[in-house]
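One structure is given here, and the rest of the page talks about it.
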Amino acid sequence: MRERAPVGTLASNVEVTAATVQRGDVIQLGGRACRVQDLFQLGQGAKQILFESGELLTIHTRTRLVAVRMMRRR
């Protein structure tokens with residue numbers, strides 16, 4: 001079952017890095033959409049991403065991923 005976006009929000013594709021990834025971003029990995037639950041700062045600008053599924057992904061400063069980000073309409 002899919003979650004519906006709240007009324008008044010827009011989904012946009014954004015490129016994310018270790019510096020710009022945010023909680024709530026949805027990142028497609030291996031054909032699965034994974035929502036970011038929490039982030040942990042590591043050394044040298046790297047981050048460890050905890051997904052709602054419980055899986056972890058570590059990205060470094062040069063990693064580039066495409067995510068869907070929900071933005072509120074103004």
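None of these values were measured; they are calculated from a predicted model.
- Nearest heavy atoms, Q48 versus L56: NE2-CD1, 3.9 Å.
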Enumerate, atom names and distances included, each donor-acceptor pair closer than 3.5 Å involving a side-chain atom of residues 18-31, sequence neighbours excluded.
residue: T20; atom: OG1; partner: T17; partner atom: N; Å: 2.9
residue: T20; atom: OG1; partner: T17; partner atom: OG1; Å: 3.3
residue: R23; atom: NE; partner: D38; partner atom: OD1; Å: 3.1
residue: R23; atom: NH2; partner: D38; partner atom: OD1; Å: 2.6
residue: D25; atom: OD1; partner: R69; partner atom: NE; Å: 2.8
residue: D25; atom: OD2; partner: Q22; partner atom: N; Å: 3.0
residue: D25; atom: OD2; partner: R69; partner atom: NH2; Å: 2.8
residue: Q28; atom: NE2; partner: G31; partner atom: O; Å: 3.4

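- In the hydrophobic clustering of this structure, L57 groups with V16; members are Ile, Leu, Val, Met, Phe, Trp, Tyr whose side-chain heavy atoms approach within less than 4.5 Å, directly or through other members.
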Return all side-chain donor-acceptor pairs below 3.5 angstrom for residues 58-67, not counting sequence neighbours, or 'none' if the list is empty.
residue: H60; atom: ND1; partner: R62; partner atom: N; Å: 3.1
residue: T63; atom: OG1; partner: H60; partner atom: N; Å: 3.2
residue: T63; atom: OG1; partner: H60; partner atom: O; Å: 3.4

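- Connection of V14 to F51 is established within a shared hydrophobic cluster, with ILVMFWY side chains joined at heavy-atom distances below 4.5 Å, either directly or through further cluster members.
- Side-chain contact between R32 and E55 is present, with heavy atoms from C-beta onward closer than 4.5 Å.
- In Q44, the CD atom is not crowded: 12 or fewer heavy atoms of neighbouring residues, nucleotides or ligands sit closer than 6.0 Å.
- Legend: residues meeting side chain to side chain donor-acceptor pair (under 3.5 Å) with S12, ordered by chain and number and at least two apart, are absent.
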